Amino acid sequence: MARKKIREYDSKRLLKQHLKRLAGIDLQINSAQVTESTDFTELANELPWLSSTRLVVKPDMLFGKRGKSGLVALNLDMAQVAEFVKQRLGKEVEMGGCKAPITTFIVEPFMPHDQEFYLSIVSERLGSTVSFSECGGIEIEENWDKVRDKIGDFIKGVISVFQDLDFSFLEMNPFTLVDGEPYPLDMRGELDDTAAFKNFNKWGSVEFPLPFGRVLSPTETFIHSLDEKTSASLKFTVLNPKGRIWTMVAGGGASVIYADTVGDLGYASELGNYAEYSGAPNEEEVLQYARVVVDCATADPDGRKRALIIGGGIANFTDVAATFSGIIRALREKESKLKAARMHIFVRRGGPNYQTGLAKMRALGEELGVPLEVYGPEATMTGICKQAIECIVDEA
């Protein structure tokens with residue numbers, strides 16, 4: 001399961017739409033999303049309730065404690081909402097140690113209320129845990145002793161939506177009753193994005209925004225765009241642009257092992273990136289991916305040795321020779337950069353056709369004149385990490 005946070009706007013949109021379909025409950029909530037491109041006049045024409053009711057406005061940026069941070073405005077008219085947004089849109093704020101500009105707001109009707117309730121559903125290995133409390137709001141952490149099991153038709157309906165749409169987490173903190181009907185005030189949601197293939201129509205135009213404070217670099221953006229266009233998985237995150245240990249690892253589990261091992265051996269500060277390709281990408285996709293990794297790994301040479309680990313576990317179905325063909329093409333293209341960066345390459349892989357792939361890698365090392373050590377599944381993944389560290393430590 002891959003838990004991906006979604007905006008409050010999308011959480012409420014999905015709940016309203018599918019609670020009616022699955023449980024026959026017509027949730028009387030409205031919400032509007034506001035960004036830099038929003039024209040308030042057009043928005044008001046599209047959603048007449050914005051001009052006929054008092055409103056609430058708050059950032060929709062995947063962070064909590066908005067009220068305690070003075071980022072929630074209550075009981076405003078449309079003009080006041082527009083002014084509130086204008087003063088804060090694009091302004092940098094600090095939340096949880098991260099600084100970033102506010103880019104997205106949610107606007108909703110203002111609902112005065114006396115009662116507040118708390119509801120959360122969390123997907124776990126053997127099922128889901130449902131928690132309910134009659135003490136919601138910003139001090140919920142202090143009232144866990146009052147949390148109890150699911151209650152009422154509303155909660156049953158929410159559970160149905162949770163399961164049908166492959167939510168992995170859903171929280172209403174709080175929800176209230178308006179004219180005797182449940183009404184979510186604040187809401188957080190996470191979806192299992194590995195279930196996107198079967199929920200395409202149900203989810204609609206759902207957005208998976210980056211965590212607050214996280215901004216993609218141009219290279220990360222490029223890999224992200226490749227990932228969205230393929231049935232394979234291509235992940236790339238720059239950790240330290242000046243790092244001297246870089247990875248290009250096949251398989252999500254293996255990529256974590258390599259990164260964790262470098263850290264456990266005391267060299268996390270030298271780890272340049274986190275990278276993972278899996279799901280049998282084709283040669284062209286691997287070529288484009290490898291170009292980015294090598295470009296980042298060889299940028300701004302400073303005369304000191306660097307190490308590139310081209311690794312992985314033992315593949316189940318990925319043709320190792322085929323994926324290595326894309327990597328080999330990229331290494332040939334980047335020969336001068338590899339030499340300028342004094343790159344030492346370590347290869348470790350197993351799986352279908354791996355002998356052919358490793359033989360091609362050995363031949364490449366001789367062809368390029370770049371230090372390139374090649375190992376099969378007889379070598380350990382952790383051992384390769386140790387060798388890469390020893391390579392750069394020699395000159396530390």
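Note that these values count all heavy atoms, side chains included, but never hydrogens, waters or copies made by symmetry. From a predicted model like this one, the values you see are computed outputs, not experimental measurements.
Residue S255 comes nearest to A275 through the heavy atom pair CB-O, 3.3 Å, listed as atom of the first residue, atom of the second, then distance. Scanning all heavy atoms of the two residues, the minimum distance from K360 to S325 falls at NZ-OG, 3.6 Å. Taking all atoms of both residues into account, the shortest heavy-atom contact from T247 to V249 is CB-CG2, 3.7 Å. Looking at every heavy atom in both residues, V286 comes nearest to P281 through CG2-CG, 3.6 Å. Of all the heavy atoms in S168 and D192, the pair that sits closest is OG-N, 4.1 Å.
A 4.5 Å side-chain heavy-atom check between L71 and K58 finds every atom pair outside the cut-off. Using a 4.5 Å heavy-atom threshold, the side chains of F175 and Y118 count as separate. For the pair F162 and S123, the minimum side-chain heavy-atom distance is below 4.5 Å. For the pair V161 and I159, the minimum side-chain heavy-atom distance is 4.5 Å or more. Side-chain contact between F132 and F117 is present, with at least one heavy-atom pair separated by less than 4.5 Å. Between F169 and K4, the closest side-chain pair of non-hydrogen atoms is not below 4.5 Å. Residues I328 and M361 have side chains in contact (heavy-atom distance under 4.5 Å, counting atoms from C-beta outward). Using a 4.5 Å heavy-atom threshold, the side chains of Q80 and R54 count as touching.
L331 and Y354 fall within the same hydrophobic cluster, defined by Ile, Leu, Val, Met, Phe, Trp and Tyr side-chain heavy atoms under 4.5 Å apart, directly or through other members. If you chain together hydrophobic residues whose side chains sit under 4.5 Å apart, L165 and M172 fall into the same group.
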Show the atom names and distances, to 0.1 Å, of all donor-acceptor pairs under 3.5 Å that link a side chain in residues 81-100 to residues at least two apart or in another chain.
{"unit_1": "E83", "atom_1": "OE2", "unit_2": "Q87", "atom_2": "NE2", "d": "3.0"}
{"unit_1": "R88", "atom_1": "NH1", "unit_2": "F84", "atom_2": "O", "d": "3.1"}

Using atom types as modelled, flag every donor-acceptor pair under 3.5 Å from a side chain in residues 15-24 to any protein atom, sequence neighbours excluded.
{"unit_1": "K16", "atom_1": "NZ", "unit_2": "I29", "atom_2": "O", "d": "2.7"}
{"unit_1": "H18", "atom_1": "ND1", "unit_2": "R21", "atom_2": "NE", "d": "3.1"}
{"unit_1": "H18", "atom_1": "ND1", "unit_2": "R21", "atom_2": "NH2", "d": "3.2"}
{"unit_1": "H18", "atom_1": "NE2", "unit_2": "K202", "atom_2": "O", "d": "3.0"}
{"unit_1": "R21", "atom_1": "NH2", "unit_2": "D164", "atom_2": "OD2", "d": "2.5"}

Can I get a per-line list of side-chain donor-acceptor pairs under 3.5 Å for residues 103-111, giving both atom names and the distance, sequence neighbours left out?
{"unit_1": "E108", "atom_1": "OE1", "unit_2": "K12", "atom_2": "NZ", "d": "3.2"}
{"unit_1": "E108", "atom_1": "OE2", "unit_2": "K12", "atom_2": "NZ", "d": "2.4"}

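For the residue pair T35 / Q33, no side-chain donor-acceptor distance below 3.5 Å is found, with atom types taken as modelled. One side chain, K235 or S233, offers a donor N or O that lies under 3.5 Å from an acceptor on the other. Using modelled atom types, one finds no donor on one side chain facing an acceptor on the other under 3.5 Å when comparing E8 with S11.
Summarising the local packing, NE2 of H113 is surrounded by more than 12 heavy atoms from other residues, nucleotides or ligands at distances under 6.0 Å. Residue K198 qualifies as enclosed at atom NZ: its count of foreign heavy atoms under 6.0 Å is above 12.
Ionic pairing of K242 and E270 is not present here: no N-O contact between side-chain nitrogen and carboxylate oxygen is shorter than 4.0 angstrom.
For F346, the ring-ring contact (aromatic ring centres under 6.0 Å, His included) partners are H344, not counting sequence neighbours. Residues satisfying the ring-ring contact (aromatic ring centres under 6.0 Å, His included) test with F63, not counting sequence neighbours, are F212.
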Worked check of side chain to side chain contact (heavy atoms under 4.5 Å, CB included) between E285 and Q288 = CA-CA 5 Å; E285 291 167 342; Q288 294 187 63; 5.6 Å; no
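Rounding to the nearest 0.5 Å gives a distance of 4.5 Å between SG of C385 and CD1 of I309. The structure places OG1 of T382 at 8.0 Å from CG of L265, a figure rounded to the nearest 0.5 Å.
Within the structure, salt bridge (charged side-chain N to carboxylate O under 4.0 Å, His left out) contacts touching residues 22-47 (residues at least two apart or in different chains) do not occur.
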